[in-house]
Number of protein chains: 2
Amino acid sequence: MSATAKSAPIVLLRQAPDARHAFGAEPPVLHGAGSEVYAQGDRADRLFRVEFGAVRIHRLLADGRRQICAFYLPGEVFGFEADGVHHFFAEAVSATGLTALRGGAGAEAAHDHLGAALRSLVRAQEHLLVVGRQNAAERIAAFLLDMAERQGGLEQFDLPMSRSDIGDYLGLTIETVSRVFSKLRAQGIIRLLGLRSVEVKKPGVLRAMCE
Amino acid sequence: MSATAKSAPIVLLRQAPDARHAFGAEPPVLHGAGSEVYAQGDRADRLFRVEFGAVRIHRLLADGRRQICAFYLPGEVFGFEADGVHHFFAEAVSATGLTALRGGAGAEAAHDHLGAALRSLVRAQEHLLVVGRQNAAERIAAFLLDMAERQGGLEQFDLPMSRSDIGDYLGLTIETVSRVFSKLRAQGIIRLLGLRSVEVKKPGVLRAMCE
DNA sequence: AGCGGCAGCGGGAAAAGCGCGATGGGTGTT
DNA sequence: AACACCCATCGCGCTTTTCCCGCTGCCGCT
């Protein structure tokens, strides 16, 4: 954990009004890497839109095992709950800007939010297939393709999260994640441009791995 | 697969109008065990409410591996998709009655459906924790508690699905499912009243296993 | 420069769970 | 009744992944 872990949002970003922020009236709030956006048990009274950076949604078992249920990247909306109380933790993966969307209880707000909620649901269910039935290499392949696609489909993209985050997202240990990355690199399927940056050389091979 | 596998709904149930069916005007449609409710790729233009029986939502990999993402029990609503196309298969687990809820595109319908969608989302995310980070015994324990709770919280309840379904839901093989059941029985934690019926003797132990 | 902390990488032993085959019980069919 | 068939159970060897270990490189601090 970084020095800013668990701290409250630290800066209200100064920024000119911007048409991209159609939902929220307020400018984005900056969260430092590792800082908590909300905790399990908090009241869930609004949604968040990621403007930049990345957010992880996770939950802990009593002995410290962690499962990251989802990552949210710029443009994506998170914070849904069924009963007004958060069942998970949300933390900034890296320096992250969030805008809050006042979640009105009205029918119109529901209509606005339903689409985003359904996208989260489909994503969670597809992730269940990966975690439940694919082996380590297949999980990493699926993860890389998903991250590439959500960042515009370019062959070169960032992994904002640590190996530990990736492991906890895919249900693997960091050792296994590291080994699979090394093997993919040795086979010329990917190139590691840095710890947090990847280039996919053979996307077809990755796609074939996921079936 | 049973004889009715993949068949269309076979009977339009004759039934008197019933106040429980507040949403749908139509009487429930009976689906035989194993019959398909919708397939991956079908148009998603309505939701379904389970009146009796059970439904599984699943997806297949190219080599036949299967992940069941969710079971739906009486009173629960399923069929949500983000983009008008089903990404998963839905099949009746046993003889099942379904009522269709016309999914209007309007704001009011969205409001009605948002709650059910959010319950599915929370359930999927909690299931991710089970599949991603818990061992075989913990998964079975969590599964039993979940099924018990959703059937009224009694210590004795039905498992409408086969061992194979349970395995594909929890990311285990049927052999592992069977072995864990036997171990729990040998420890006096559960009692098997039949292949599809369980009595939980020590719910506290099960709860402790899930942490 | 030197030091300490942290993240990633890799090796070897160990465990968990899988795959296969055999057995047995229940159900429906001939 | 006899049979076939499906499903669940169980034993055993094997693969995969984890667990525990130390090494390396980077970064910030003194």
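Letters A, B, ... mirror the listed sequences (proteins, then strands); counts begin at 1.
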A:Phe181 atom CZ is separated from C:dG8 atom P, nearest whole Å, by 10 Å
Hey, does the side chain of B:Glu138 reach the backbone of B:Asn135 with a donor-acceptor pair shorter than 3.5 angstrom?
yes
B:Asp168 atom CG is separated from C:dC18 atom C1', nearest whole Å, by 14 Å
A side-chain contact here means heavy atoms from C-beta on lying under 4.5 Å apart; do B:Tyr169 and B:Arg139 qualify? no
In whole angstroms, the gap separating P of D:dT9 from CD1 of B:Ile174 amounts to 9 Å
Separation of C:dG25 atom P from B:Leu195 atom CG, nearest Å, is 12 Å
Going by atom type alone, with no hydrogens or angles, which donor-acceptor pairs under 3.5 Å involve a side-chain atom of residues 148-163 of chain B and a protein atom two or more places apart or on another chain?
unit_1   : atom_1 : unit_2   : atom_2 : d
B:Arg150 : NE     : B:Glu76  : OE2    : 3.1
B:Arg150 : NH1    : B:Asp146 : OD2    : 3.0
B:Arg150 : NH2    : B:Phe71  : O      : 2.6
B:Arg150 : NH2    : B:Glu76  : OE1    : 2.8
B:Gln151 : OE1    : B:Asp158 : N      : 3.4
B:Gln151 : NE2    : B:Asp158 : O      : 2.9
B:Ser162 : OG     : B:Ser164 : N      : 3.3
B:Ser162 : OG     : B:Asp165 : N      : 3.1
B:Arg163 : NH1    : B:Leu195 : O      : 3.0
B:Arg163 : NH2    : B:Leu195 : O      : 3.4

A:Phe48 meets the ring-ring contact (aromatic ring centres under 6.0 Å, His included) criterion, sequence neighbours left out, with A:Phe78
Show which side-chain atoms of residues 176-183 of chain B pair as donor or acceptor with protein atoms under 3.5 Å away, not counting sequence neighbours.
unit_1   : atom_1 : unit_2   : atom_2 : d
B:Thr176 : OG1    : B:Thr173 : OG1    : 3.1
B:Ser182 : OG     : B:Ser178 : O      : 3.0

Here the distance between atom P of D:dT9 and atom NZ of B:Lys183, to the nearest Å, is 15 Å
To the nearest angstrom, the CZ-C1' distance between B:Arg196 and D:dC6 comes to 11 Å
Can you give me the N/O atom pairs linking the protein to nucleotides 14-22 of chain D at distances under 3.5 Å, or say none if there are none?
unit_1 : atom_1 : unit_2   : atom_2 : d
D:dT17 : OP1    : A:Ala136 : N      : 2.9
D:dT18 : OP1    : A:Gly171 : O      : 3.4
D:dT18 : OP1    : A:Thr173 : N      : 3.4
D:dT18 : OP2    : A:Thr173 : OG1    : 3.1
D:dT18 : OP2    : A:Thr176 : OG1    : 2.3
D:dC19 : N4     : A:Arg179 : NH2    : 3.1
D:dC20 : N4     : A:Glu175 : OE2    : 3.1

Rounded to whole Å, the CG-C1' distance (B:Leu170 to C:dC18) equals 16 Å
Rounded to whole Å, CD1 of B:Ile140 lies from C1' of C:dA16 at a distance of 14 Å
If each end axis of the helix from C:dA1-D:dT30 to C:dT30-D:dA1 is fitted on five C1' pair positions, the angle between them, to 10 degrees, is 30°
Residues 126-137 of chain B vs salt bridge (charged side-chain N to carboxylate O under 4.0 Å, His left out), sequence neighbours excluded, gives A:Arg59-B:Glu126, A:Asp168-B:Arg133
Sorted by chain and number, sequence neighbours left out, side chain to side chain contact (heavy atoms under 4.5 Å, CB included) with A:Thr96 holds for A:Val50, A:Val55, A:Ala92, A:Ser94, A:Leu98
Sorted by chain and residue number, the side chain to side chain contact (heavy atoms under 4.5 Å, CB included) partners of A:Leu145 (sequence neighbours excluded) come out as A:Leu206, A:Arg207, A:Cys210
Sorted by chain and number, sequence neighbours left out, salt bridge (Lys or Arg N to Asp or Glu O under 4.0 Å) with B:Lys201 holds for B:Glu199
